[in-house]
K.L.:
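Please read through the structure below; I'll follow up with questions.
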Amino acid sequence: MLNLKTISAGLVAGAAFASAQCTIPTTPLSDDIPSHFRIQVQNASRPEVHNKYMNLFEAGGGDQHLFIGPVGEPTYDFTLVDGVVFNVRKNIRLVIGGEWSEIDHTTKLFSTARPDPDAIFQPTYACNPDTGLLQVELRFVQWEGEPLGGHICVRHSFDGSHEFRYDPPGNTLIDVNRECIKVTLVVLPTLDGGPSTTFSTVTVSSTSSSSSVVPPSSSSTSTLTSTSTSTAPTSTSTSGVLPYTDMTSLGWRYIGCAPEERWTTDGPFRTLSGALLGSDTMTNEACMAFCGANGWAYAGTEWRRECWCGNSYAPTRQPLTTLVSLAKCDYRCSGDSGQFCGGDAWLSLYAKCPTGGPCENAVFT
């Protein structure tokens with residue numbers, strides 16, 4: 001069992017003999033770290049990620065995405081059990097799976113309580129590339145059930161953040177538009193638990209708005225006004241009727257089911273990259289209210305509980321207007337099972353209708 005109090009003392013003592021290179025102890029480390037720690041990211045050749053930290057960002061259903069800030073919640077209470085990183089407070093652990101990229105063959109690293117295959121690590125001693133002091137790193141061992149090897153990498157996401165991914169052993173593919181940067185994960189003892197601030201909504205920098213973090217909005221509601229006499233959106237069913245929610249009564253028209261990065265090779269990350277709202281009570285009216293209140297021209301729901309906003313999207317992300325194309329956006333909204341909120345990397349895309357102008361959904365044939 002690895003004691004972080006001992007590690008902390010050793011790291012401090014290491015300063016006495018550290019010069020250009022530290023002395024690596026020969027005793028192997030345990031794969032258990034019961035004391036709390038924070039995870040630092042290192043790659044001295046890449047200042048955009050070097051010495052940043054792993055944050056948790058709620059994804060709904062108990063899952064948490066992993067980001068390098070400014071996105072997410074600074075997290076100081078990771079532990080290691082049998083080589084698996086846990087966050088006991090949220091009852092989740094680091095796993096690998098989902099959002100496999102056809103471009104560079106990387107796969108998402110995230111945290112969940114579900115029985116997904118674990119990401120397995122081994123603590124090892126190493127020298128800090130900046131100070132030369134002794135540090136403890138989490139050397140990646142394997143994706144459970146897969147061949148040994150590979151590494152953890154991070155790639156650009158939104159608002160200056162980077163998301164964590166797994167790069168398999170022997171992989172030579174590179175996404176030239178979104179390189180996945182190899183990183184080292186470092187254990188930083190946080191014996192006092194550290195501070196913690198949670199943000200559930202992120203406003204993303206773009207050419208038309210500044211970057212900021214918006215406090216959680218679960219305790220308040222946003223309302224869109226409409227000149228129409230009907231204010232309740234109509235949710236269509238899957239039995240002989242098109243699977244999308246009619247929002248024209250609230251001033252939004254449905255464009256179609258738009259692909260995200262996984263299904264395209266055009267480079268951009270998100271179809272809409274202006275702002276994100278995540279909620280386990282997501283509905284299409286809640287998403288339109290959020291995007292509309294913040295002045296965005298487009299809004300879209302995805303993965304049952306995500307709402308994305310923006311003022312433009314790439315022509316390559318323009319949805320098709322065939323009936324078949326709608327089948328990808330068949331996930332029921334987390335806040336209303338009678339509505340549809342996108343799919344797995346597919347966005348139910350809406351546009352704000354001009355004031356006093358026509359407001360008609362796209363025609364699908």
Side-chain angles (χ1 to χ4, degrees), residues 36-59 63-80 85-87 89-90 92-99 101 104 106-112 119 121 126 128-130 135-140 150-167 174-175 177-190 194-206 210-214 260-261 268-270 273-276 278 306 308:
H36 291 172
F37 59 88
R38 194 176 192 189
I39 296 179
Q40 185 181 57
V41 175
Q42 293 181 352
N43 183 328
S45 67
R46 303 299 293 264
E48 67 268 37
V49 301
H50 185 52
N51 289 336
K52 303 294 178 64
Y53 300 94
M54 178 183 287
N55 293 345
L56 296 177
F57 183 83
E58 185 169 347
D63 293 353
Q64 298 272 331
H65 293 315
L66 305 176
F67 287 98
I68 292 176
V71 170
E73 172 190 348
T75 305
Y76 301 82
D77 52 355
F78 289 113
T79 61
L80 190 74
V85 176
F86 280 82
N87 182 273
R89 175 170 52 91
K90 296 182 180 291
I92 53 178
R93 71 196 193 289
L94 266 58
V95 302
I96 299 172
E99 297 191 15
S101 170
D104 64 2
T106 62
T107 308
K108 191 177 190 68
L109 175 72
F110 67 104
S111 55
T112 186
F121 299 88
N128 185 290
D130 300 322
Q135 66 182 16
V136 174
E137 299 176 354
L138 295 176
R139 180 180 61 83
F140 181 74
H151 62 263
I152 301 303
C153 58
V154 296
R155 68 179 186 185
H156 177 69
S157 183
F158 59 94
D159 199 23
S161 68
H162 289 73
E163 63 174 0
F164 286 79
R165 299 185 67 81
Y166 157 79
D167 197 344
I174 297 175
D175 184 344
N177 294 301
R178 292 181 65 208
E179 176 192 2
C180 205
I181 304 167
K182 183 178 181 179
V183 294
T184 298
L185 305 184
V186 179
V187 172
L188 292 187
T190 54
S196 180
T197 303
T198 303
F199 297 102
S200 63
T201 304
V202 179
T203 299
V204 184
S205 59
S206 68
S210 60
S211 173
S212 61
V213 179
V214 181
E260 292 285 13
E261 174 207 22
F269 172 52
R270 290 288 180 180
S273 59
L276 165 64
E306 295 178 356
W308 293 87

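Below, each value reflects all heavy atoms present in this structure, side chains not excepted, and no hydrogens, waters or symmetry copies.
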K.L.:
Which is it for Leu138 and Phe37 under the side-chain contact (heavy atoms from CB on, under 4.5 Å) test, yes or no, and what are the steps along the way?
P.N.:
CA-CA 12 Å; Leu138 295 176; Phe37 59 88; 4.2 Å; yes
K.L.:
Is any side-chain heavy atom of Arg178 closer than 4.5 Å to a side-chain heavy atom of Glu163?
P.N.:
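Yes; the side chains approach each other to less than 4.5 Å.
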K.L.:
Hey, is NZ on Lys182 packed in by over 12 heavy atoms from elsewhere, all under 6.0 Å?
P.N.:
no
K.L.:
Decide yes or no for Asp130 and His50: does some side-chain heavy atom of the first lie under 4.5 Å from some side-chain heavy atom of the second?
P.N.:
yes
K.L.:
Please examine the side chains of Thr106 and Asp175, heavy atoms only from C-beta on, and report whether any two atoms are closer than 4.5 Å.
P.N.:
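No. Closest side-chain heavy atoms not under 4.5 Å.
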K.L.:
Can a donor-acceptor pair be found, under 3.5 Å and without considering hydrogens, that links the side chain of Thr190 to the backbone of Tyr76?
P.N.:
yes
K.L.:
Just do the side-chain contact (heavy atoms from CB on, under 4.5 Å) check on Leu94 and Met54 with the steps written out, would you?
P.N.:
CA-CA 12 Å; Leu94 266 58; Met54 178 183 287; 4.2 Å; yes
K.L.:
Report the residues that fulfil side chain to side chain contact (heavy atoms under 4.5 Å, CB included) with Thr184, sequence neighbours left out, ordered by chain and then residue number.
P.N.:
Gln42, Glu137, Val186
K.L.:
Would you call the rings of Tyr166 and Phe140 parallel, tilted or perpendicular if under 30° counts as parallel and over 60° as perpendicular?
P.N.:
tilted
K.L.:
Compare all side-chain heavy atoms of Ser111 with those of Lys90 and state whether any distance is below 4.5 angstrom.
P.N.:
no
K.L.:
OG of Ser157 to CZ of Arg270: how many Å apart, nearest 0.5 Å?
P.N.:
6.5 Å
K.L.:
In Å, rounded to the nearest 0.5 Å, how long is the span from CG of Asn43 to CG of Asn51?
P.N.:
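If we round to the nearest 0.5 Å, Asn43:CG and Asn51:CG are 10.5 Å apart.
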K.L.:
Taking only residues two or more places apart in sequence, or in another chain, which ones meet Lys52 in a side chain to side chain contact (heavy atoms under 4.5 Å, CB included)?
P.N.:
Ile68
K.L.:
Determine whether a donor-acceptor pair (N or O, by modelled atom type, separation under 3.5 Å) exists between the side chain of Asn55 and the backbone of Val71.
P.N.:
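Looks like yes, one N/O pair under 3.5 Å.
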K.L.:
Supply the atom-to-atom distance Leu66 CG to Ser161 OG, rounded to the nearest 0.5 angstrom.
P.N.:
11.5 Å
K.L.:
Yes or no on side-chain contact (heavy atoms from CB on, under 4.5 Å) for Glu99 and Phe110, after CA distance, side-chain angles and deciding distance?
P.N.:
CA-CA 11 Å; Glu99 297 191 15; Phe110 67 104; over 6 Å; no
K.L.:
Could you tell me which non-hydrogen atom of Ala119 sits nearest to which non-hydrogen atom of Leu109, and how far apart they are?
P.N.:
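So the two residues come closest at CB-CD1, 3.7 Å.
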K.L.:
Once rounded to the nearest 0.5 Å, what's the spacing between atom CZ of Arg46 and atom CD of Glu179?
P.N.:
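Reported value, rounded in 0.5 Å steps: 4.5 Å.
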K.L.:
For a 4.5 angstrom cut-off between non-hydrogen side-chain atoms, does Glu48 reach His156?
P.N.:
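The answer is no; the side chains never approach within 4.5 Å.
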K.L.:
Is there a side-chain contact between Ser101 and Arg155 in this structure, where contact means two heavy atoms from C-beta onward sitting under 4.5 Å apart?
P.N.:
yes
K.L.:
State, yes or no, whether a side-chain contact exists between Ile39 and Phe164 at a heavy-atom distance under 4.5 Å.
P.N.:
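The answer is no, as the side chains (C-beta and beyond) never meet within the 4.5 Å cut-off.
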K.L.:
Hey, could you give me the NE2/OG1 distance between His65 and Thr112, rounded to the nearest 0.5 Å?
P.N.:
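It comes to 10.5 Å.
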K.L.:
Does the side chain of Gln64 come within less than 4.5 Å of Thr75's, by heavy atoms?
P.N.:
no
K.L.:
List the steps, then state whether side-chain contact (heavy atoms from CB on, under 4.5 Å) holds for Asp167 with Arg165.
P.N.:
CA-CA 7 Å; Asp167 197 344; Arg165 299 185 67 81; over 6 Å; no
K.L.:
For the CZ atom of Arg139 and the CZ atom of Phe121, what is their distance to the nearest 0.5 Å?
P.N.:
11.0 Å
